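Just so you know, ligand 1 is whichever comes first in the structure, and atom 1 is the first atom listed for that ligand. Remember, it's a predicted structure, so these values are computed and weren't measured experimentally.
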Amino acid sequence: MSPLTTVLLSLLLLGFAASSNCPDGWVHFGTSCYHFSHDTESMPVADLVCQHLDGHLVEIESSEENTYLASKAAALKASFWTGLSDMQQESVWLWYDSGRHLTSTSFQHWFPNEPNNAGMDENCAYISSGSWNDAPCHLALHYICEKDDGSSEIVG
Ligand code: 2F8
Ligand code: CA
């Protein structure tokens, strides 16, 4: 292989690698980038901040993703808003941004006896130590934003 071909191939490979990178302040897992907030916000404002960062509040779809997020959050010792809410209809849990329903076959990882709608005012779900709890949406908590890592985008 000529030196020129080697350089061109290296640049091409670097280009592919760069296309699946996450921005500074985001971590990579699967095909997503995740940002663990430093500030605290109500759940609806947290979602607006995530959208401002070209993402959305996290949508947790598998045990692997949940375990990864829990491992990252453990070091930060905080509870984080997810994008899961039943604010439209009590007990009908939806991922706020995609509109996907949480069904009996969906991955879910509630604390025992949750969600319990304590005080009849708990319509948003946070993750804490890998388990989920419903809590009042107006509480100011940390939050996790998610966005696609761009790896499925067509380059060129
Ligand atoms: O005991 C479960 C109960 O614990 C807390 O209330 C005392 C939670 N509240 C918040 O996290 C704000 C409830 O959501 C939870 O059900
Ligand atoms: Ca609760």
Under 4.0 angstrom from atom 14 (O) of ligand 1, is there any protein heavy atom? yes
Check the side chains of Ser131 and Ser129 for a donor-acceptor pair under 3.5 angstrom, ignoring hydrogens and angles. no
Please tell me whether Tyr126 and Val58 are part of a single hydrophobic cluster in this structure, the criterion being side-chain heavy atoms less than 4.5 Å apart. no
Within the stated cut-off of 3.0 Å, is an N/O/S atom of Asn116 closer than that to the Ca ion (ligand 2)? yes
Quick check: of its N, O or S atoms, which one does Glu114 have closest to the Ca ion (ligand 2)? OE1
Using 30° and 60° as the class boundaries, would you call the ring planes of Trp95 and Trp132 parallel, tilted or perpendicular? perpendicular
Is there a side-chain contact between Cys145 and His56, using heavy atoms and a 4.5 Å cut-off? no
Strictly less than 4.0 Å: does any protein heavy-atom distance to atom 1 (O) of ligand 1 fall in that range? no
Is the ring pair His35/Trp26 parallel, tilted or perpendicular, if the boundaries are 30 and 60 degrees? tilted
Hey, which atoms in ligand 1 end up nearer than 4.0 Å to a heavy atom of Asn116? 16 (O)
Got a protein heavy atom sitting under 4.0 Å from atom 4 (O) of ligand 1? no
Using 30° and 60° as the class limits, which term best fits the ring planes of Tyr34 and Phe29: parallel, tilted or perpendicular? tilted
Would you say that Trp81 contacts Glu41 through its side chain, given a criterion of any heavy-atom pair below 4.5 Å between the two side chains? no
Which of the atoms of ligand 1 are close to Leu139, meaning less than 4.0 Å from one of its heavy atoms? 12 (C)
Using a 4.0 Å cut-off to any heavy atom of Asp134, which atoms of ligand 1 qualify? 14 (O)
Roughly, to 10 degrees, what angle do Asn133 atom OD1 and Asp134 atom OD1 form around the Ca ion (ligand 2)? 90°
Just give me the atom name: the N, O or S atom of Glu122 closest to the Ca ion (ligand 2). OE1
Could you tell me whether ligand 1 has any atom less than 4.0 Å away from a heavy atom of Phe111? no
If hydrophobic clusters are built from ILVMFWY residues whose side chains come within less than 4.5 Å, do Leu48 and Ile144 share one? no
